[in-house]
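Written below as structure tokens is the structure these notes are about.
Counting convention: from 1, in listed order, for ligands and their atoms alike.
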Amino acid sequence: MEKIESLKGNADSSYELAEARRRFGFEFDGMRNHELYFGTLEGETAELSDSKLSQKITEQFGSFDAWQTDFKTLAKTRGVGWAILYYDKQTDSLLNSWVDEQHLGHLVGLTPVVALDMWEHSFVADYQPSGKAQYIDDYLAQINWAFVEGIFDSICS
Ligand SMILES: [Fe+2]
């Protein structure tokens, strides 16, 4: 944001300004995606409790296990990006969806409540490329669902 501001008003920087603006979504969404990802791993691991979120998951996916199965399949999408559980306030519904890179495919008006980093940098050092499925399983086993429920409660009321 500071770079964009510094380039405004300088005719010689018009190309650089346009390029910075074009990449802004990548940088901004990358920041927010990672804040959510690490947020879900902070504090103690906590299972999903009997909450508004668990009720919504069961209502839409049939069960928590069914949601996890769908989310795991989503996370194995080829290429770098993010597996995201969104809440759509407009339709009062949850949606699992993929984002390429940091920003391509983010859904307008929906709020991410779980975001799993599926860039190779997030798991290859610990799991090797062949360990992608184990990384996904381990992430889901270590989520602090109380954190996720807090986000959900703050947006779905
Ligand atoms: Fe990352």
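Considering only residues two or more places apart in sequence or on other chains, E19 meets the salt bridge (Lys or Arg N to Asp or Glu O under 4.0 Å) condition with R22.
Under the 6.0 Å distance and 45° angle rule, R21 does not count as a cation-pi partner of F24.
In this structure the side chain of D29 never reaches within 4.5 angstrom of the side chain of W82, judged on heavy atoms. Between L116 and I84 the shortest side-chain heavy-atom distance does not fall below 4.5 Å.
The closest donor-acceptor contact from the side chain of D88 to the backbone of S93 lies at 3.5 Å or more, if one exists at all.
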Worksheet entry | Check against side-chain hydrogen bond (donor to acceptor under 3.5 Å, both in side chains), D100 and W98 | CA-CA 7 Å; D100 272 323; W98 178 259; 3.0 Å; yes
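Protein N/O/S atoms found under 2.8 Å from the Fe ion (ligand 1): H34 NE2, D117 OD2, H121 NE2.
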